[in-house]
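To start, the structure itself, in structure tokens.
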Number of protein chains: 2
Amino acid sequence: MPKDAATTRDRIVAAASKLFYGHGIRAVSVDDVAARAGLTKRTLYYHFRSKDDLIAAYLAARDEPTIVIVMGWMDAAKGTLADKIEAVFAQLARLGRHPKWRGCGFLRTAAELVTTPGHPALKAGAAHKKKLEAEFAGRFAQAGLDAPAMRARQVMLLFDGAFSAMLTHRDASYAEAAGQAAMELVRDERPRAKRRT
Amino acid sequence: MPKDAATTRDRIVAAASKLFYGHGIRAVSVDDVAARAGLTKRTLYYHFRSKDDLIAAYLAARDEPTIVIVMGWMDAAKGTLADKIEAVFAQLARLGRHPKWRGCGFLRTAAELVTTPGHPALKAGAAHKKKLEAEFAGRFAQAGLDAPAMRARQVMLLFDGAFSAMLTHRDASYAEAAGQAAMELVRDERPRAKRRT
DNA sequence: CAAAGTATACTGACTAGTGAGTGTACGCAA
DNA sequence: TTGCGTACACTCACTAGTCAGTATACTTTG
């Protein structure tokens, strides 16, 4: 493997990431990506078979880092499980206030590509969300929360709902409202809750 | 006003609705819409100034009917407030299982058009979600629920989260999970809840 | 009441530009 | 001297929007 191959490929993915996330998949042309990466389209096509491949690579590159960030928020927060969950949503709100924030790249890509069911980028997006849910579930179980899998799913629903609402209203306080709801669901002292992990 | 003007315009909007919802805004050309409406592109441009106008008309036409449907689900359901909310999410799940279901048109349009901040379609989408939230809040208040506005917002977050998760995973059971969470938030017997409507 | 004028609703053919993807040639390292 | 990585120049399909003109129906006027 030539030493610069990975570098060039990575430079292309980085350029694609910036542009796809910032402007949307369909709004960005392969020429745009190549130009931003500082090379010609032909070179890009040497490293990627098609635009679809590039889209998949864009999401694949986002998967792990995103999970590390979100779980980092949670693990860094002090206090009870509810406090930690509130912190996650508070951080999400902080992100949402950044001028360059454009929602969740996975969700937006899913919205753009609904009509191409088998698309690898869609699979990558679904896998990513499942992984995040599993990370929550693991931590909930460890904390001894009742029905950790169910709670993790509900928190994920609020998480994605917060993304959608922040994007729709351009108002980060929705993430905080979602955080309050998530805290209550995770508090584990509600009358209906049954024991058993 | 000539008697057929409204009919043709409506036919165009109906065609746009089918195509924009089914395939996405950018994936559908003005020619596609015209062809499906059974007229030429030039005629379409006689009725709409631009594609952006057409997109806005598509969402405007979806606003009221959608609200009527969702609130119809709620009002038709028997039982407590929690039962009614559960019914809403159950109906959403039912919708999500339909093969032609492609998520929430408002959310998907918002995702596609993030980069054009002033777009009328985005305003229409935000207004629609706010209206739906207000309808929930009104019913929650009438039922005597604590903090109805906050609960309505949380239910909306779960609603949008359900849309996103169903789209991502192509699994309608996420709506049911969201419904369970919404029920708990609306049950009004949790220890932390303070009185006052 | 008939002729002329005017607004409405529509069309086929076009422009100017952009899209993804390719054929081929050139430089350079092993 | 082979083959990897890169570039220029190209194809062909498609896209939003426009030009110039037509058919029909309603309104005005002599």
Side-chain angles (χ1 to χ4, degrees), chain A residues 1-59 108-109 112-113 115-116 118-122, chain B residues 1-59 109 112-116 118-122:
Chain A
M1 227 158 286
K3 61 169 178 259
D4 265 8
T7 307
T8 301
R9 208 195 121 98
D10 291 351
R11 227 171 62 232
I12 296 171
V13 172
S17 238
K18 268 246 155 91
L19 294 174
F20 285 157
Y21 179 73
H23 305 279
I25 305 286
R26 291 198 107 100
V28 169
S29 72
V30 176
D31 288 279
D32 293 338
V33 176
R36 181 170 244 273
L39 31 78
T40 63
K41 180 162 59 171
R42 198 62 188 82
T43 302
L44 189 152
Y45 273 99
Y46 177 81
H47 293 277
F48 296 90
R49 217 159 7 137
S50 64
K51 188 181 183 182
D52 284 338
D53 265 30
L54 185 56
I55 299 165
Y58 147 61
L59 285 192
R108 276 179 47 220
T109 303
E112 278 200 72
L113 303 181
T115 39
T116 53
H119 202 294
L122 294 182
Chain B
M1 227 156 287
K3 60 172 180 256
D4 266 8
T7 308
T8 300
R9 210 194 120 97
D10 290 353
R11 226 173 60 232
I12 295 171
V13 172
S17 238
K18 269 246 155 90
L19 294 174
F20 284 156
Y21 179 74
H23 305 280
I25 304 287
R26 288 198 109 99
V28 170
S29 72
V30 177
D31 288 278
D32 293 337
V33 176
R36 180 171 243 271
L39 30 77
T40 63
K41 180 164 56 171
R42 198 62 191 81
T43 302
L44 189 153
Y45 273 100
Y46 177 81
H47 292 277
F48 296 90
R49 213 153 16 130
S50 63
K51 187 181 183 181
D52 284 338
D53 266 31
L54 184 57
I55 298 165
Y58 147 60
L59 285 192
T109 304
E112 276 199 74
L113 303 181
V114 242
T115 38
T116 53
H119 201 294
L122 294 182

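The structure displayed is predicted, hence computed values, not measured ones.
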Quick one: does [X]'s side chain have a donor or acceptor within less than 3.5 Å of a partner on [Y]'s backbone?
X       : Y      : answer
R11(A)  : A37(A) : yes
S50(A)  : D53(A) : yes
R36(A)  : A15(A) : no
K41(A)  : V33(A) : no
S29(B)  : D32(B) : yes
D10(A)  : T7(A)  : no
E112(B) : R26(B) : yes

What integer distance in Å separates [X]:[atom1] from [N]:[atom2]?
X      : N       : atom1 : atom2 : answer
D53(A) : dG21(C) : CG    : C1'   : 13 Å
L39(B) : dT8(C)  : CG    : P     : 18 Å
F48(A) : dA20(C) : CZ    : P     : 15 Å
R11(B) : dA9(C)  : CZ    : P     : 13 Å
D52(A) : dG19(C) : CG    : C1'   : 14 Å

Rounded to the nearest 0.5 Å, how far apart are CG of L113(B) and CG of L122(B)?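 Reported to 0.5 Å precision, the distance equals 5.0 Å.
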Check nucleotides 12-16 of chain D for protein N or O atoms closer than 3.5 Å to its own N or O atoms and list the pairs.
residue : atom : partner : partner atom : Å
dA16(D) : OP1  : K51(B)  : NZ           : 2.9
dA16(D) : OP2  : V30(B)  : N            : 2.9
dA16(D) : N7   : K41(B)  : NZ           : 3.0

Strictly below 4.0 Å: does H47(B) bring a side-chain N or O up to OP1 or OP2 of dT8(C)?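 For dT8(C), OP1/OP2 do not have a side-chain N/O of H47(B) under 4.0 Å.
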Using OP1 and OP2 only, check whether a side-chain N or O of T43(A) sits under 4.0 Å from dA7(D).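 Yes, because at least one side-chain N or O of T43(A) sits under 4.0 Å from OP1 or OP2 of dA7(D).
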Dump the pairs, protein N or O against N or O of nucleotides 19-21 of chain D, anything under 3.5 Å, distances to one decimal.
residue : atom : partner : partner atom : Å
dC19(D) : N4   : R42(B)  : NE           : 2.3

Tell me whether the NZ or CZ atom of R108(A) lies within the 45° cone about the ring axis of Y21(A) and under 6.0 Å from its centre. yes
Where the side chain of Y46(B) is concerned, which of dT11(C), dA7(D), dT8(C) is the nearest nucleotide?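 Given the options dT11(C), dA7(D), dT8(C), the side chain of Y46(B) is closest to dT8(C).
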